[in-house]
Student: 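Next up is a structure, given as structure tokens.
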Amino acid sequence: MEIIILPDAAEVGRVAGAKIASIVAGRPQAVIGLATGSSPQGIYKELARRVQEDSLSFTEARGFALDEYVGIPADHPESYASVITREVVAPLGFEPSRVRVPDGRAADLAAAAKEYDRAIAEAGGIDVQILGIGSNGHIGFNEPTSSFASRTRIKTLAPKTRQDNARFFDSPDQVPTHCMTQGLGTILEARELVLVAQGAGKADAVAAAVEGPLSAFVPGSALQLHEHATVVIDEAAASGLRLSDYYRYTYDNRPDWQRFE
Ligand code: F6R
């Protein structure tokens, strides 16, 4: 795992955005796994800046969202379908028909979840999956004790996750109780993972995912099983890491072939 520690959240967005941009520049038809929430917003901002200045295009790319709430209308402003349209598809200029979000309103949710994994496979798999991490260690909405082998499926949101996401809703009880999320097994099949985290509230989760034991109790620790995972974090999110000096040294002395900026 490559750990990149940067001074602040703005740098996290800029550098992680540069990483995604380098992948899309090398493969304009790239299939991108799209996270929602606060963490990846800096990435999307950096990518939108490059699109605006005409140095990058997503018109040939495809996207698959990580997850979606179950039980809120698609046109609700906080459904991930709405968020992806507003924060990703429109500013980056994706062709809307080339971006999918799990269908949290399907009559047969289990069948829709299976079909989502099939659609990812039919698209040739995900080239790069963008990830945030929950304060309880979840990635996607794979809450603690999710199987490392799990596929896209329905999950019950942990109380901590509902509490953390209440800021997006008018009141805490409006946060849906269930979601459809890519599984940890699905996420691990992406060819590359880029996880971003900012702020002290993520420090414990980051430390447990990066340096703790592999455990379904910390779903983010699944990253340790992936051969190409990059974790881009600010100083505050890095504050629980024991080997931060080594990660800084490694990044400062990275060979040319490892540079993407
Ligand atoms: C979002 C997702 C979640 C978030 C995580 C962190 O699609 O799958 O895992 O990345 O809950 O959320 P933020 O970034 O809002 O702190």
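Heavy-atom basis, side chains included; hydrogens, waters and symmetry copies ignored. When a ligand or atom number is given, it counts from 1 through the structure's own listing order. All residue numbers refer to positions in the sequence shown, counting from 1.
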Student: Step through it carefully: locate the ring centre of Tyr69, locate the ring centre of Phe169, and say whether they are under 6.0 Å apart.
Tutor: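 Yes, the ring centres sit under 6.0 Å apart.
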
Student: Counting from 1, what ligand 1 atoms have a heavy atom of Gly37 closer than 4.0 Å?
Tutor: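 Here the atoms of ligand 1 in question are 14 (O), 15 (O).
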
Student: Do Thr59 and Arg98 have a side chain donor and acceptor closer than 3.5 Å?
Tutor: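 Judged by distance alone, the side chains do not pair up.
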
Student: Are any of the N/O atoms on Ser39, whether in the backbone or the side chain, positioned under 3.5 angstrom from an N/O atom of ligand 1?
Tutor: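 N/O-N/O distance under 3.5 Å: yes.
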
Student: List the closest protein heavy-atom neighbour of atom 16 (O) of ligand 1: residue, atom name, distance to the nearest 0.1 Å.
Tutor: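 Ranking protein heavy atoms by distance from atom 16 (O) of ligand 1, first comes Lys202 NZ, 2.7 Å.
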
Student: Nearest protein heavy-atom contact for atom 10 (O) of ligand 1: which residue, which atom, what distance?
Tutor: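 Checked against all protein heavy atoms, atom 10 (O) of ligand 1 sits closest to Gly132 CA, 3.3 Å.
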
Student: Does a side chain donor of either Ser82 or His76 reach within less than 3.5 Å of an acceptor in the other side chain?
Tutor: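 No, no side-chain donor-acceptor contact under 3.5 Å.
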
Student: Nearest protein heavy atom to atom 5 (C) of ligand 1, by residue and atom, and its distance?
Tutor: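 The protein heavy atom lying closest is His138 NE2, 3.3 Å.
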
Student: Do Arg254 and Tyr251 meet the cation-pi criteria used here (NZ or CZ under 6.0 Å from the six-membered ring centre, within 45° of the axis)?
Tutor: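 Pair Arg254/Tyr251 counts as cation-pi.
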
Student: Measure the spacing between NZ of Lys114 and OG1 of Thr152 and express it to the nearest 0.5 Å.
Tutor: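 With rounding to 0.5 Å, NZ (Lys114) is 11.0 Å from OG1 (Thr152).
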
Student: Report yes if the side chains of Leu193 and His228 come closer than 4.5 Å at any heavy-atom pair, otherwise no.
Tutor: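 No - every pair of side-chain heavy atoms lies 4.5 Å or more apart.
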
Student: Quick one: does Gln41 get a heavy atom under 4.0 Å from ligand 1?
Tutor: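 Gln41 does not count as a contact of ligand 1 under the 4.0 Å cut-off.
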
Student: Do Glu46 and Arg14 meet the salt-bridge criterion of a basic N to acidic O distance under 4.0 Å?
Tutor: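 Glu46 and Arg14: not salt-bridged.
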
Student: Heavy atom of Gln198 under 4.0 Å from ligand 1?
Tutor: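 It does not; every heavy atom stays at 4.0 Å or beyond.
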
Student: Write out the residue and atom name of the closest protein heavy atom to atom 9 (O) of ligand 1, then the distance separating them to 0.1 Å.
Tutor: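 Ranking protein heavy atoms by distance from atom 9 (O) of ligand 1, first comes Gly140 O, 2.7 Å.
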
Student: Any N or O on Ser38 sitting closer than 3.5 Å to an N or O of ligand 1?
Tutor: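 So ligand 1 has an N or O lying under 3.5 Å from an N or O of Ser38.
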
Student: Quick one: look at Arg167 and ligand 1, take heavy-atom pairs under 4.0 Å, and tell me if it's side chain, backbone, both or neither.
Tutor: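 The part of Arg167 near ligand 1 is the side chain, not the backbone.
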
Student: Specify the protein heavy atom at minimum distance from atom 6 (C) of ligand 1: its residue, its atom name, and the distance to 0.1 Å.
Tutor: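 For this ligand atom, the closest protein heavy atom is Ile133 O, 3.4 Å.
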
Student: Side chain, backbone, both or neither: which part of Thr181 comes within less than 4.0 Å of ligand 1 when only heavy atoms are counted?
Tutor: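 Neither part.
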
Student: So which protein heavy atom does atom 8 (O) of ligand 1 come closest to, and at what separation?
Tutor: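 Result for atom 8 (O) of ligand 1: Asp67 OD2, 2.5 Å.
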
Student: Is the contact between Leu66 and ligand 1 made by the side chain, the backbone, both, or neither, using heavy atoms and a 4.0 Å cut-off?
Tutor: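 Under 4.0 Å from ligand 1, Leu66 contributes side-chain atoms alone.
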
Student: Looking just at side-chain N and O atoms, do Arg162 and Thr156 make a donor-acceptor pair shorter than 3.5 Å?
Tutor: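 No.
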
Student: side-chain contact (heavy atoms from CB on, under 4.5 Å) for Tyr116 and Asp103? Distances and angles first, verdict last.
Tutor: CA-CA 8 Å; Tyr116 199 68; Asp103 185 357; over 6 Å; no

